2 protein chains.
Amino acid sequence: MSIPKAEVAPPANGNSLPRHRRTYSIGELARMFEVTPRTIRFYEQEGLLAPERRGQTRIYHEKDRVRLKLTLRGKRLGFSLAEIREVIEMYDAMPDGNARQLKRLLEILADKRSNMERQLEDIRLMQRELDDVEMRAREVLERLAQP
Amino acid sequence: MSIPKAEVAPPANGNSLPRHRRTYSIGELARMFEVTPRTIRFYEQEGLLAPERRGQTRIYHEKDRVRLKLTLRGKRLGFSLAEIREVIEMYDAMPDGNARQLKRLLEILADKRSNMERQLEDIRLMQRELDDVEMRAREVLERLAQP
DNA sequence: CAACCACTTTACGTTAACGTCAACGTCGTC
DNA sequence: GACGACGTTGACGTTAACGTAAAGTGGTTG
């Protein structure tokens with residue numbers, strides 16, 4: 001991002017596994033992340049992705065792949081697509097954003113952050129519960145083994 | 001749970017804040033956890049709660065309160081009500097559960113556990129992202145402050 | 001060239017988790 | 001005894017996040 005895009009052409013590469021692939025089809029991405037193409041198109045419709053188009057078909061670059069990854073991670077953490085989009089949009093608008101917008105972004109980030117903290121605590125508590133339940137289950141199992 | 005329920009009557013208690021309240025109305029519980037009564041009734045309908053009834057009205061005890069708490073925590077961690085119910089049911093059926101059921105329970109627990117692990121990792125990664133975005137935002141803000 | 005992919009758009013269907021509204025019962029109190 | 005606060009059931013509505021089916025496009029392969 002901060003590195004000026006080099007004007008060097010990619011070295012003639014007969015390699016079968018190009019180090020850093022340029023583009024992906026929707027099907028490829030779908031398999032990579034174990035989602036359906038439908039899901040990916042839906043995310044685009046919701047403003048989370050904006051792939052290039054070659055004619056009709058979508059061409060996904062690294063940037064898009066990263067966005068999808070972040071989106072799915074956000075989802076696993078319980079964020080709605082709308083929330084995720086909000087952050088992504090502000091992030092994209094950052095360079096020329098005014099102070100008010102930036103402060104708003106910082107607010108949102110702080111909010112997400114406290115959310116994460118709470119989830120960390122929830123996870124710790126939940127893990128204890130699981131430990132507890134598992135222990136009891138094992139006890140009962142052992143008692144069943146010796147009549 | 002392991003302590004035999006004392007037969008001592010609750011000491012005559014003119015106290016305004018009884019140490020360990022016996023029961024709750026649906027409205028009280030709702031306010032405690034910042035959900036609506038509708039939500040609590042829905043959870044009952046889904047088999048997550050089973051409060052006592054005095055006539056028509058529901059009476060919630062400590063056990064019910066704990067269940068609700070666990071349920072809401074599970075929700076914050078992205079579990080579906082069905083998943084939560086599954087664990088609760090198996091937990092209740094544990095004492096007289098057969099070996100197969102118990103092993104099944106252990107499987108489920110292991111599953112939840114790996115889910116937690118993944119979420120921990122997701123949270124760590126997400127926190128880094130947030131750190132990163134926040135840093136950039138602050139940079140831009142400072143640059144705006146000094147023209 | 002036909003057959004078969006992978007991709008496209010459009011549109012309607014589905015599920016979970018409640019919200020909302022109506023219509024009613026039951027207290028305490030003014 | 002009317003009123004308000006709280007509780008009840010029942011039924012229908014809503015939203016997010018996709019699933020699914022229909023019908024068409026574009027390339028390549030036997």
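Order of the sequence lines sets the chain letters (A, B, ...), proteins ahead of strands, with each chain counted from 1. This is a predicted model, so every value here is computed, not measured. Just the heavy atoms: all of them, side chains too, but no hydrogens, waters or symmetry mates, feed the values below.
- As rounded to whole Å, 13 Å separates atom C1' of C:dC7 from atom CD of A:Glu28.
- Heavy atoms of other residues, nucleotides or ligands lying less than 6.0 angstrom from CZ of B:Arg118 number 12 at most.
- Looking at residues 36-51 of chain A, you'll see A:Thr36, A:Arg38, A:Thr39, A:Phe42, A:Tyr43 sit with a heavy atom under 4.0 Å from some atom of DNA chain D.
- Using a 4.5 Å cut-off on side-chain heavy atoms (C-beta onward), A:Gln127 and B:Leu120 make contact.
- A:Arg53 comes within contact range of the sugar-phosphate backbone alone, with a heavy-atom separation under 4.0 Å but no base atom that close.
- In terms of modelled atom types and a separation under 3.5 Å, the side chain of A:Arg58 and the main chain of A:Ile26 share no donor-acceptor contact.
- Rounded to whole Å, the distance from NZ on A:Lys75 to P on D:dA16 is 13 Å.
- Side-chain nitrogen and oxygen atoms of A:Thr57 include none within less than 4.0 Å of the OP1 or OP2 phosphate oxygen of D:dT25.
- Salt-bridge formation is detected for the pair A:Arg138/A:Glu134: a Lys NZ or Arg NE/NH1/NH2 atom is positioned less than 4.0 Å from an Asp or Glu carboxylate oxygen.
- Atom C1' of nucleotide C:dC24 and atom CD of B:Gln56 are separated by 10 Å, given to the nearest angstrom.
- In this view, B:Glu28 and B:Arg21 satisfy the salt bridge (charged side-chain N to carboxylate O under 4.0 Å, His left out) rule, not counting sequence neighbours.
- For the segment residues 79-86 of chain A, no residue has any heavy atom less than 4.0 angstrom from an atom of DNA chain C.
- Counting non-hydrogen atoms of neighbouring residues, nucleotides and ligands closer than 6.0 angstrom, the CD atom of A:Glu34 reaches no more than 12 such neighbours.
- Between B:Asp92 and B:Arg67 the shortest side-chain heavy-atom distance falls below 4.5 Å.
- Distance check: A:Glu44 CD to A:Leu48 CG gives 10.0 Å after rounding to the nearest 0.5 Å.
- Rounded to an integer number of Å, the gap from CD of B:Glu34 to C1' of C:dC18 is 17 Å.
- Residue A:Leu72 contributes atom CG, which lies 12 Å from atom P of D:dA17 at whole-angstrom precision.
- At most 12 non-hydrogen atoms from other residues, nucleotides or ligands lie less than 6.0 angstrom from CZ of B:Arg100.
- Following rounding to the nearest Å, B:Leu29 (CG) and D:dG7 (P) show an atom-to-atom distance of 10 Å.
- A:Ile26 places its CD1 atom 15 Å from the C1' atom of D:dT25, with the value rounded to the nearest Å.
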